[in-house]
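Bear in mind the structure is a predicted one, so any value in this text is a computation, not a measurement.
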Amino acid sequence: MSNEPIVILVVDDEEMVRENLEAYLEDEGFVVHTAGSGEEGLEVLAGVSPHAGIIDMRLPGMSGNDFIVKAHERRPGLKYLIHTGSTNYKLPLELMNIGISRDDVYIKPLQNMDDLVEGIFRILKLER
C-alpha cells in the first residue's frame with residue numbers, strides 16, 4: 001500500500017458532514033468516495049475497493065450497523081471507523097466480531113478531524 005493512495009469510503013446521510021470529511025481527507029492525501037445511505041455505499045463497493053470506511057450509524061433505510069455487516073461479507077478486508085452523533089452508542093457484538101473496537105467509535109461533532117486521520121492509520125496499521 002506504500003505507493004498506492006489510501007482509499008476511504010465515507011457513508012453519511014448528512015451532506016455537509018460528507019462534504020467536509022471528503023474535503024479534509026482529500027487534503028490529507030486520501031482518495032475519497034462518498035455515499036448518502038447504506039444502500040448507496042454497497043453500490044460504491046461494487047465498483048471500488050476502499051481500504052477503510054467511515055460509517056455513520058443512523059442512516060435512512062439500512063442502518064450503519066447493517067451496512068458494515070453486509071459490506072464485510074463483500075469485502076472482508078475492509079476496516080471501519082464509526083462516526084456517529086449518538087452519544088450513547090453501544091458497539092454491538094456483531095461489529096466487535098468483525099474487528100471493530102470501542103477505539104474505532106468517534107462521536108460527532110469531532111473537535112479535531114485529525115483524530116479520524118490518526119484512526120485510519122491505526123486501523124490500517126500504517127505509519128503516518
Q: With side-chain contact (heavy atoms from CB on, under 4.5 Å) as the criterion, how do Asp103 and Ile123 come out once you've worked through the C-alpha distance, each side chain's angles and the decisive distance to 0.1 Å?
A: CA-CA 10 Å; Asp103 292 340; Ile123 64 173; over 6 Å; no
Q: Evaluate the side-chain contact (heavy atoms from CB on, under 4.5 Å) criterion for residues Leu25 and Ile8: first the C-alpha distance (whole Å), next the side-chain angles of each, then the deciding distance (0.1 Å), finally the verdict.
A: CA-CA 8 Å; Leu25 294 171; Ile8 306 297; 4.1 Å; yes
Q: Mind checking the CD-NE2 spacing from Glu43 to His33? Nearest 0.5 Å is all I need.
A: 14.5 Å
Q: Let me confirm one number: the CZ-OH distance from Phe67 to Tyr80, rounded to the nearest 0.5 Å.
A: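 Reported value, rounded in 0.5 Å steps: 6.0 Å.
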Q: If you take all heavy atoms of Pro60 and Ser37, which pair is closest and at what distance?
A: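 Scanning both residues, the minimum pair turns out to be O-CB, 4.2 Å.
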Q: Membership question, hydrophobic clusters at under 4.5 Å side-chain separation (ILVMFWY): are Val32 and Leu126 in the same one?
A: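 Yes, it is one cluster - the side chains of Leu126 and Val32 are joined through contacts under 4.5 Å.
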Q: Between Pro50 and Leu78, is any pair of side-chain heavy atoms under 4.5 Å apart?
A: yes
Q: Would you check if the side chain of His51 reaches a backbone N or O of Val7 as a donor-acceptor pair within less than 3.5 Å?
A: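 A pair under 3.5 Å: yes.
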Q: Any donor-acceptor pair under 3.5 Å linking the side-chain atoms of Arg58 with those of Thr84?
A: no
Q: What verdict does the side-chain contact (heavy atoms from CB on, under 4.5 Å) test give for Leu21 and Met113, after you've listed the backbone C-alpha separation in whole Å, the side-chain angles of each residue and the deciding distance to 0.1 Å?
A: CA-CA 8 Å; Leu21 283 172; Met113 294 223 318; 4.0 Å; yes
Q: Is it true that, when you exclude Arg128 itself, more than 12 heavy atoms of the residues, nucleotides or ligands shown sit nearer than 6.0 Å to its CZ?
A: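 Yes, enclosed.
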Q: Say whether Leu45 and Ile82 are linked into one hydrophobic cluster, either directly or through other cluster members, by side-chain heavy-atom distances under 4.5 angstrom.
A: yes
Q: When you check the side-chain N and O atoms of Ser63 and Asn65, is any donor under 3.5 Å from an acceptor?
A: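 Looking only at side-chain atoms, Asn65 and Ser63 do not form any donor-acceptor pair under 3.5 Å.
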Q: Checking Glu22 side chain against Arg18 main chain: does a donor-acceptor pair fall under 3.5 Å?
A: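 No; judged by distance alone, with no hydrogens or angles, the pair does not exist.
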Q: Does one hydrophobic cluster hold both Met62 and Tyr89, with members joined at side-chain heavy-atom distances below 4.5 Å?
A: yes
Q: Taking side chain as C-beta onward, heavy atoms only, is Val117 less than 4.5 Å from Phe30?
A: yes
Q: Taking atom CZ of Arg75 and atom CG of Leu9, what is their separation to the nearest 0.5 Å?
A: 10.0 Å
Q: Only one of Val10, Val17, Asp13 forms a side-chain contact (heavy atoms from CB on, under 4.5 Å) with Asp56, so which one is it?
A: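 Only match with Asp56 under side-chain contact (heavy atoms from CB on, under 4.5 Å): Asp13.
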Q: Ile55 and side-chain contact (heavy atoms from CB on, under 4.5 Å): which single residue from Leu95, Ile68, Asp12 fits?
A: Ile68
Q: Hey, could you give me the CD1/NZ distance between Ile120 and Lys79, rounded to the nearest 0.5 Å?
A: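 So the gap between those two atoms works out to 14.0 Å.
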Q: What's the separation between atom CG in Leu91 and atom CZ in Arg102, rounded to the nearest 0.5 Å?
A: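 Rounded to the nearest 0.5 Å, the CG-CZ separation comes to 6.5 Å.
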Q: Any donor and acceptor pair, going by atom type alone, linking the side chain of Glu94 with main-chain N or O of Val69 inside 3.5 Å?
A: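 No, Glu94 side chain to Val69 backbone: no donor-acceptor pair under 3.5 Å.
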Q: As a quick check of understanding, evaluate side-chain contact (heavy atoms from CB on, under 4.5 Å) for His83 and Leu110, giving each step before the final call.
A: CA-CA 9 Å; His83 189 227; Leu110 284 175; 3.9 Å; yes
Q: Could you state whether Ile54 and Ile98 fall into the same hydrophobic cluster, counting links through intermediate Ile, Leu, Val, Met, Phe, Trp or Tyr residues with side-chain heavy atoms under 4.5 angstrom apart?
A: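 Different clusters: Ile54 never reaches Ile98 through Ile, Leu, Val, Met, Phe, Trp or Tyr contacts under 4.5 Å.
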Q: On a heavy-atom basis, which atom in Gly38 and which in Val11 lie closest, and how many Å separate them?
A: N-CG1, 4.1 Å
Q: Might you point out which heavy atoms bring Val31 and Pro5 nearest each other, and give the distance in Å?
A: CG2-CB, 3.7 Å
Q: For a quick test of reading the model, state the closest non-hydrogen atom pair linking Tyr106 to Asp115 and the distance between them.
A: OH-O, 3.6 Å
Q: If you measure from CZ on Arg122 to CD on Glu118, what distance do you get to the nearest 0.5 Å?
A: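 It comes to 9.5 Å.
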Q: Determine whether Phe121 and Leu124 fall in the same hydrophobic cluster, where Ile, Leu, Val, Met, Phe, Trp and Tyr are linked whenever their side-chain heavy atoms lie under 4.5 Å apart.
A: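 Yes, same cluster.
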